[in-house]
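Below: one structure, written as structure tokens.
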Amino acid sequence: MTPAAADLLAFCRLFGMTERVSICCGDVSVAQCVTLQLLLASPTDSSSLAEQTRVTKGAVTRLVDGLSKRGWVEKSPDENDGRRSVLSLTVAGKKKARDLERLTEQTVDALLAEIPAGKRKQVIESIRLLRQAGEIGRASCRERV
């Protein structure tokens, strides 16, 4: 494995572990955290949520059912398509999502604070470029399948 690949994988694993401990504390899993934050940005349907989270529709159904039982997510019929349900956050769900969003930002800020001030802009730009490259790679992978 090249040093660049090893460093990138180690970072992803490290951040994933940090996320579980620092962001998704106690009774909220990483998947629940991501789902709540996505729904805070915009209500959506199960299919779109599955695509955004890159999991199966069945996994989204189980995830949403669990969040619904906790009173954080509600389903309502789509006004334009009766076969479709729109998923949105309840008041309690919005509060939980905002709390998790704040914790996510604190975790990222603490991580960036460990980088020398003169290099932070460069690191942030590199992260943005990695994300864009990853998104392009996923899109081209879907086209080949």
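Side-chain atoms are counted along with the backbone in the values below, which use heavy atoms only and exclude waters and symmetry mates.
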remark   = Scanning both residues in full, the closest heavy-atom pair of Gly71 with Ala92 reads O-CB, 3.9 Å
Nearest atoms (heavy-atom pairs only) where Leu39 meets Leu87 =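 It is CD2-O, 3.6 Å.
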Co-members of the apolar cluster containing Leu129 [side chain, <4.5 Å] = none
task = Give me the other members of the hydrophobic cluster that Leu8 sits in, counting Ile, Leu, Val, Met, Phe, Trp and Tyr linked by side-chain heavy atoms under 4.5 Å, directly or via other members.
result = Leu130
Under a 3.5 Å distance rule, please check whether [X] uses its side chain to pair with a backbone N or O of [Y] as donor and acceptor.
| X | Y | result |
| --- | --- | --- |
| Gln122 | Lys119 | no |
| Arg120 | Ile115 | yes |
| Ser46 | Lys57 | no |
| Thr107 | Leu103 | yes |

task = Could I get the full list of side-chain contact (heavy atoms from CB on, under 4.5 Å) partners for Arg128, not counting sequence neighbours?
result =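 Glu125, Gln132.
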key: Residue pair Glu74 / Ser68, side-chain donor-acceptor N/O under 3.5 Å   =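 Looking only at side-chain atoms, Ser68 and Glu74 do not form any donor-acceptor pair under 3.5 Å.
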Salt bridge (charged side-chain N to carboxylate O under 4.0 Å, His left out) pairs, two or more places apart, involving residues 106-117 =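 Residue pairs with at least one partner in residues 106-117: there are none.
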ask   = Can you get from Leu36 to Val55 by hopping between Ile, Leu, Val, Met, Phe, Trp and Tyr side chains that sit under 4.5 Å apart?
value = yes
Quick check for you: to the nearest 0.5 Å, what is the distance between [X] atom [atom1] and [Y] atom [atom2]?
| X | Y | atom1 | atom2 | answer |
| --- | --- | --- | --- | --- |
| Glu101 | Gln106 | CD | CD | 11.5 Å |
| Leu40 | Thr35 | CG | OG1 | 12.5 Å |
| Ser48 | Leu38 | OG | CG | 11.0 Å |
| Met1 | Asp7 | CE | CG | 10.5 Å |
| Asp65 | Lys75 | CG | NZ | 4.5 Å |
| Gln37 | Leu100 | CD | CG | 6.0 Å |

remark   = Sequence neighbours excluded, the answer for side-chain hydrogen bond (donor to acceptor under 3.5 Å, both in side chains) partners of Lys95 is Asp99
note = Sorted by chain and number, sequence neighbours left out, side-chain hydrogen bond (donor to acceptor under 3.5 Å, both in side chains) with Arg70 holds for Asp27
task = Report yes if the side chains of Val73 and Leu89 come closer than 4.5 Å at any heavy-atom pair, otherwise no.
result =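 Contact flag for Val73/Leu89 side chains = yes.
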request  = Scan Val28, Thr90, Leu67 and name whichever one has a side-chain contact (heavy atoms from CB on, under 4.5 Å) with Lys96.
outcome  = Val28
